Each structure stands twice: as structure tokens, then as C-alpha cells.
Chemist: 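Questions regarding the structure given below will be posed in turn.
Along the sequence shown, the residues carry numbers beginning at 1. Computation of the quantities below employed the complete heavy-atom set of this structure, encompassing side-chain atoms and omitting hydrogens, waters and symmetry-equivalent molecules. Quick caveat: nothing in here was measured; it's all calculated off a predicted structure.
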Amino acid sequence: MSDTAVPTASGLLDMVGALTEGTVTSRQLTEEALRRIVASQPELNAFRSVRTEAALAEAEAADRRLAAGERLPLLGVPLAVKDDMDVTGESTAFGCAGTFTPKTADSEAVRRLRAAGAVIVGKTQTPELGQWPFTEGGAFGETRNPWNRAYTPGGSSGGSAAAVAAGLVPAALGSDGAGSVRIPAAWTHLVGVKPQRGRISTWPEPESFHGLTVNGVLARTVADAALLLDAASGPHPEDLHRPARIRAVEAVGRTPRRLRIALSFGTAFTATPKSLDPEVRSAVERLAARLESLGHEVIPEDPRYGPIGLTFVPRATSGVRDWVARVPDPALLDPRTHEAVRTARVLGGLALRVSRRAETVLQQRVSEIFHRFDVVLTPTTATPPLRIGALAGLGALATDRAMIAACPYAWTWNVLGWPGVNIPAGLTADGLPMGAQLLGPAHSEPLLLVLAAQVEAAEDWAALRPAG
């Protein structure tokens, strides 16, 4: 087979089909993925580590299994995972500088991908301990947006988003603690699924960042995202959160009933200034009109967030402190990380316990909107992608204010633990991607995915790809 016959930028389902039919081998797909990764690395810098020899060995093993007639959901498909997930033989630096010991076991999410037959080609870049909506740092440089190299792909799953948007891999795992899957998905024209807390295990963490962070998926299409979500989902026996299994792939194949959708531009109180970019607002309003044209009822309405912001900081900073305790050389960390640790020393006791106890009350308060609506539609971010370096060199407080101004919409659903899906909302006049969130109550991934798939069929967003 010639190189041109290898479906390098095809989607996950396309690759699975080609492997099943025998029109391509896992070795060919993996070689091509590795070639594209190496070629793109000087510009995009999407990967922290590339598993060239190990991935090729895994691909050859997959080809033998395919030849023997074995079939698994992802058998032979090259995929990537974010560098906060353990992969046997690789270190987990989570965006930090220093020498980290290679791991001797896969995290549960990676183990499940392997059980589904996937080939893990590498680990993608993330900012230091996943704290920021940009993927830059002294440990690895800048990860750039395939749509325009002068801009960030977002964060903290920016490496995964850049890899998928550039066609280096058909899909990837990321993690989302304050929008860290949905924000980069919005800024790179992808589908990004933040599932219900516990849907994809965070083991060896029983829960991550005191319940804020969940593992999620990034893909070009809803069907691809659903396939990866199903493959990666499932608990470790010692996980703290064990939601009942869903079947995302089956959900995507259905037609949604007529839904009541709340269109919300309001944000939770943060005591910091923020405003919505007119192009983003217009893009979300256009999607609202699209939903109406598909037969749904869209009505302006905001969730009642209440004091949800007070519960986020103790959990987030305590999570940073937990991770810093494992870093081999804390002196190499960003000053903003040290400031987060200092905050955690103040808030990591009583304030943290109160924050966790308040979660049930907040869920009851916010869920009131789902007594009247099925789904909430919001912007994913308040602005289009930020320029590379826009937040570089800022102090901790200035960084927080800038982050909240750009990304005030996603983090509330992390406090609640509920699912949300970013869908592409179009491009700015300058050609930069924007996104919108479909947000639901607990365990509502099937509803959100079937609605996203209906919009995708009308919008055909997967046909639009970055140049080069």
C-alpha cells in the first residue's frame, strides 16, 4: 500500500472500519501517525513524549490479532493520552520540569483503552499541573493552535486538542477540572466531552483534585467521541465515584425528542470583571437558532448558581498542593504554582471540608433549572483563543483574573460533577474557532450526545479543518 492510501486524518470510526476491512494495517496507521507527530513537533509541540518503538510493537501485535479474526472496539487504532495519565514505561510529569520516574502500571483509563485494542502513540502536553487555559510552560515551551500558530489551543488538555485538530491522531483523552477538555475543544473546533464524575476512572487517584477533575475525550465528530467515551469508561474497584454504565454509541444513533433548551449567557459570581466577546455571543445565538430550526424550544434562562464560586478555590488549590508533594524538584515550579500551594495551606482544612459538604446543596439549587428545561446552552468561553504568551509572566492574581475573564462558563459543572459537551460554534472573522456548551444534569451524557449529533448533522462541522 502506498503512503497516500493511508487515511492519515480520518476519524476514529473510519480507522476502525478500515482496519476491520483489511484495507490498512495498524502498523501503517501508527507509522503515519508517528511521522506526522515528528514532523509537526517543532511547530505545534503537541506531545510531551512519543512512544515510537513501543507503539510500533503494539501495532504489530494488533495486526496479528486482526489477522486472527479478533475484533475489539479500538483494535489497532493509534491514540494519544494527556500527560496526567500513567502509561507503563513513561513518566507522568503533568507539565512540570524535572526528572520523573517512569510508571510501572497504566492508569485505569489507559488500561481500558489497551483492553479495547488501542495503540498509545504518546502523551500530550499540558500546563503545569493543569492549572491554566493555555498550554505553555518552562518545562516544554509553547503548544500552538493548528488553526493559527500565534494562538494557544487552550488548556489544560491543549496538547490533546492540538493533536486531534491537526490530524495527528483521530481522538485523544484529556482531563477537565475547570473546562480543560471543553475549552481547548472550543478553541480548536472539536467535540469535547466532560463526562459525569467517575464515568472515566481517574485511578490511581480515587478522585482527582477533590472531585473537580474528570477524564474526558476529544474528537472531530460526536460519533468518534462517543466511541472513545465508551471504550475508556468504567470504574476501578477503589474509585470513589462509580456511576452506572451508559452506552454513548447507541445514544448517538437515535433522534432526540423535542427538547426545552435554556439559552444562558449569565455566569456565576466571582468578584472579578468579565464580558462576553460579541463574536462569541453571535456564534452561540446562531446555534440557538439552529436548534430551533431542528424543532427544539430555546428560551433565555440562567441557572441559579448561588455561592458556587466559594467552593471551587479550596478544592482546586488543595489538588495542586497534593500534586506538588510528588514533584521531584519543587524549586523548578512556576511561582503561580507555589502561590496556589500557599492558598491551599489556608483553605485546605475547614474550608475544603465545607466546600465538599456544600456540593449537595449546590446541586439541588442548580438542578432547579432542569425541572423546566432539558439542556442548558452556554458559550464554552467568553473569548476566542488567546494569543501565545498572553498570560506569560503574570502574577497569580492577575493570571486568575485573566483566566476567569476568558473562561467563566465551564468550571461550575466541575463543582457539580455533571456532564457537558463542547460543540463547534464556527469561526471568528479572523478564522479562529469558537465553541458552545451543552450542559445537562447528572448522568445526562446520552441526551447531550444525541443532541450534539443532531446539530452536527445540520452543521457538518467536521468538514472544516485547519489548513496545513
Chemist: Within the side chain of Ser156, is there an N or O that forms a donor-acceptor pair under 3.5 Å with the backbone of Pro127?
Modeler: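 Here the side-chain-to-backbone pair does not exist.
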Chemist: Verify, without hydrogens or angle tests, whether Lys123 (side chain) and Met85 (backbone) share a donor-acceptor contact under 3.5 angstrom.
Modeler: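 Yes: the side chain of Lys123 pairs with the backbone of Met85.
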Chemist: Judged by atom type as modelled, is there a donor-acceptor pair below 3.5 Å linking the side chain of Thr188 to the main-chain atoms of Ala162?
Modeler: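 Between the backbone of Ala162 and the side chain of Thr188 there is no qualifying donor-acceptor contact (under 3.5 Å).
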Chemist: Does the structure place the NZ or CZ of Arg281 under 6.0 Å from the centre of the six-membered ring of Phe265, at an angle of no more than 45° from the ring's axis?
Modeler: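 Checked: cation-pi criterion met.
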Chemist: Flag the pair Val193 / Val222 as yes when at least one side-chain heavy-atom distance between them is below 4.5 Å, and no otherwise.
Modeler: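 The answer is no; the side chains never approach within 4.5 Å.
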Chemist: Take atom CZ of Arg342 as the centre, draw a 6.0 Å sphere, and report whether it contains more than 12 heavy atoms from other residues, nucleotides or ligands.
Modeler: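 Yes, enclosed.
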Chemist: For a side-chain hydrogen bond (donor to acceptor under 3.5 Å, both in side chains) check, start with the C-alpha distance between Asp86 and Thr92, then their side-chain angles and the critical distance, and finish with the verdict.
Modeler: CA-CA 6 Å; Asp86 295 346; Thr92 300; 2.7 Å; yes
Chemist: How long is the gap from CG on Asp400 to OG1 on Thr343, to the nearest 0.5 Å?
Modeler: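 If we round to the nearest 0.5 Å, Asp400:CG and Thr343:OG1 are 8.0 Å apart.
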Chemist: So which of Phe209, Phe312, Tyr305 actually passes ring pair (Phe, Tyr, Trp, His ring centres under 6.0 Å) with Trp411?
Modeler: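 For Trp411, the ring pair (Phe, Tyr, Trp, His ring centres under 6.0 Å) test succeeds with only one of Phe209, Phe312, Tyr305, which is Phe312.
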Chemist: When you measure from the side chain of Arg220 to the backbone of His189, do you find a donor-acceptor pair of N or O atoms at a distance under 3.5 Å?
Modeler: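 Answer holds: no.
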Chemist: Taking side chain as C-beta onward, heavy atoms only, is Trp132 less than 4.5 Å from Leu391?
Modeler: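 A side-chain contact is absent here, since even the closest heavy-atom pair is not under 4.5 Å.
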Chemist: Of all the heavy-atom pairs spanning Glu90 and Ser49, show the shortest one and how long it is.
Modeler: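 Result for this residue pair: OE1-OG, 3.6 Å.
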Chemist: Which atoms form the tightest heavy-atom contact between Cys96 and Leu129, and what is the distance?
Modeler: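 Nearest pair, atom of Cys96 first, then Leu129: SG-CD2, 3.5 Å.
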Chemist: At what distance, to the nearest 0.5 angstrom, does CZ of Arg149 lie from OG1 of Thr143?
Modeler: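 Taking CZ in Arg149 and OG1 in Thr143, the distance rounds to 12.5 Å.
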Chemist: So, Arg111 and Asp106, do they make that salt bridge, N to O below 4.0 Å?
Modeler: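 Salt bridge absent between Arg111 and Asp106.
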Chemist: A side-chain contact here means heavy atoms from C-beta on lying under 4.5 Å apart; do Pro204 and Ser107 qualify?
Modeler: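 Yes, close enough: below the 4.5 Å cut-off.
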Chemist: Tell me, do Glu43 and Arg144 make a side-chain contact under 4.5 Å, heavy atoms counted?
Modeler: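 No, every pair of side-chain atoms sits at 4.5 Å or beyond.
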Chemist: Testing Arg257, His296, Arg258, Arg260 one by one against Asp374 for a side-chain hydrogen bond (donor to acceptor under 3.5 Å, both in side chains), which residue passes?
Modeler: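 Testing Asp374 for a side-chain hydrogen bond (donor to acceptor under 3.5 Å, both in side chains) against Arg257, His296, Arg258, Arg260 leaves exactly one candidate, Arg257.
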Chemist: Look only at the side chain of Arg112 and the backbone of Asp230, and say whether a donor-acceptor pair between them is shorter than 3.5 Å.
Modeler: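 Not a single qualifying donor-acceptor pair exists.
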Chemist: Under a 4.5 Å cut-off applied to non-hydrogen side-chain atoms, are Pro408 and Thr270 in contact?
Modeler: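 Contact flag for Pro408/Thr270 side chains = no.
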Chemist: Counting distance only, does the side-chain N/O of Gln125 pair as donor-acceptor with the main-chain N or O of Phe47 below 3.5 Å?
Modeler: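 Yes, the answer is positive, given that a donor and an acceptor are paired below the 3.5 Å cut-off.
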Chemist: Measuring from Thr213:OG1 to Asp84:CG, what's the distance to the nearest 0.5 Å?
Modeler: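 So the gap between those two atoms works out to 8.0 Å.
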Chemist: Is there a side-chain hydrogen bond (donor to acceptor under 3.5 Å, both in side chains) between Gln131 and Thr337 once you walk through the steps?
Modeler: CA-CA 8 Å; Gln131 297 173 86; Thr337 299; 2.8 Å; yes
Chemist: Out of curiosity, Glu459 CD to Ile423 CD1, how far, rounded to the nearest 0.5 Å?
Modeler: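 That separation rounds to 7.5 Å.
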Chemist: Show the nearest heavy-atom pair for residues Val298 and Ala288, with the distance to one decimal.
Modeler: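 So the minimum-distance heavy-atom pair works out to CG2-O, 3.7 Å.
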Chemist: So which atom in Val450 and which in Ala251 form the shortest heavy-atom distance, rounded to 0.1 Å?
Modeler: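 Answer, listing the atom of Val450 first, then Ala251: CG2-O, 3.3 Å.
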Chemist: Nearest 0.5 Å please: distance from the CG atom of Leu394 over to the CZ atom of Arg336.
Modeler: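 Taking CG in Leu394 and CZ in Arg336, the distance rounds to 6.5 Å.
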Chemist: I want to check a possible cation-pi pair here: Arg182 against Trp413, using under 6.0 Å from ring centre and within 45° of the ring axis as the test.
Modeler: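 Pair Arg182/Trp413 does not count as cation-pi.
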Chemist: List the atom of Arg286, the atom of Gly426, and the distance in Å for their closest heavy-atom pair.
Modeler: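 Shortest heavy-atom separation between Arg286 and Gly426 comes out as NH2-N, 4.4 Å.
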Chemist: Parallel, tilted or perpendicular for His236 and Trp203, by the 30°/60° rule?
Modeler: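 Geometry flag for Trp203 against His236: parallel rings.
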Chemist: Hey, are Arg197 and Glu207 close enough for a salt bridge, meaning a charged N less than 4.0 Å from a carboxylate O?
Modeler: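 No, no charged N to carboxylate O under 4.0 Å.
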Chemist: May I have the step-by-step check of side chain to side chain contact (heavy atoms under 4.5 Å, CB included) for Phe100 and Val327, ending in yes or no?
Modeler: CA-CA 8 Å; Phe100 289 76; Val327 171; 4.3 Å; yes
Chemist: Could you report the tightest heavy-atom contact between Val280 and Pro379, atom names first, then the distance?
Modeler: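 Looking at all heavy atoms of both residues, the shortest contact is CG1-CB, 3.9 Å.
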Chemist: Show your reasoning for whether side chain to side chain contact (heavy atoms under 4.5 Å, CB included) applies to Leu464 and Trp147.
Modeler: CA-CA 11 Å; Leu464 191 60; Trp147 290 86; 3.9 Å; yes
Chemist: Ignoring hydrogens and geometry, is there a side-chain-to-backbone donor-acceptor pair from Ser444 to Leu447 under 3.5 Å?
Modeler: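 No, the answer is negative, given that no donor and acceptor are paired below the 3.5 Å cut-off.
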Chemist: Hey, what do you get for OG1 (Thr135) to CZ (Arg48), rounding to the nearest 0.5 Å?
Modeler: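 It comes to 12.0 Å.
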Chemist: Are the side chain of Glu445 and the backbone of Pro419 linked by a donor-acceptor contact shorter than 3.5 Å?
Modeler: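 No, the answer is negative, given that no donor and acceptor are paired below the 3.5 Å cut-off.
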Chemist: With the side chain counted from C-beta on, respond yes when Asp430 and Asn148 share a heavy-atom pair under 4.5 Å apart, and no when they do not.
Modeler: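 No, their side chains stay 4.5 Å or more apart.
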Chemist: When you look at Lys82 and Ser160, which way does the side-chain hydrogen bond (donor to acceptor under 3.5 Å, both in side chains) test go after all the steps?
Modeler: CA-CA 6 Å; Lys82 184 177 177 178; Ser160 288; over 6 Å; no
Chemist: Checking Gln196 side chain against Ala442 main chain: does a donor-acceptor pair fall under 3.5 Å?
Modeler: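 No, the answer is negative, given that no donor and acceptor are paired below the 3.5 Å cut-off.
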Chemist: Run the numbers on Leu439 and Thr412 for side chain to side chain contact (heavy atoms under 4.5 Å, CB included), then give the verdict.
Modeler: CA-CA 10 Å; Leu439 301 173; Thr412 52; 5.6 Å; no
Chemist: Walk me through whether Asp224 and Val191 qualify under side chain to side chain contact (heavy atoms under 4.5 Å, CB included).
Modeler: CA-CA 9 Å; Asp224 283 356; Val191 177; over 6 Å; no
Chemist: Taking Met403's backbone N and O only, do any of them form a donor-acceptor pair with Lys274's side chain (distance below 3.5 Å, no angle check)?
Modeler: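 Side chain of Lys274 to backbone of Met403, a donor-acceptor pair under 3.5 Å: no, none is there.
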Chemist: Does Ser367 reach the side chain of Pro441, with side-chain heavy atoms less than 4.5 Å apart?
Modeler: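 Side chain of Ser367 against side chain of Pro441, heavy atoms only: no contact under 4.5 Å found.
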Chemist: For a 4.5 angstrom cut-off between non-hydrogen side-chain atoms, does Ile299 reach Leu263?
Modeler: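 Ile299 vs Leu263: side chains apart.
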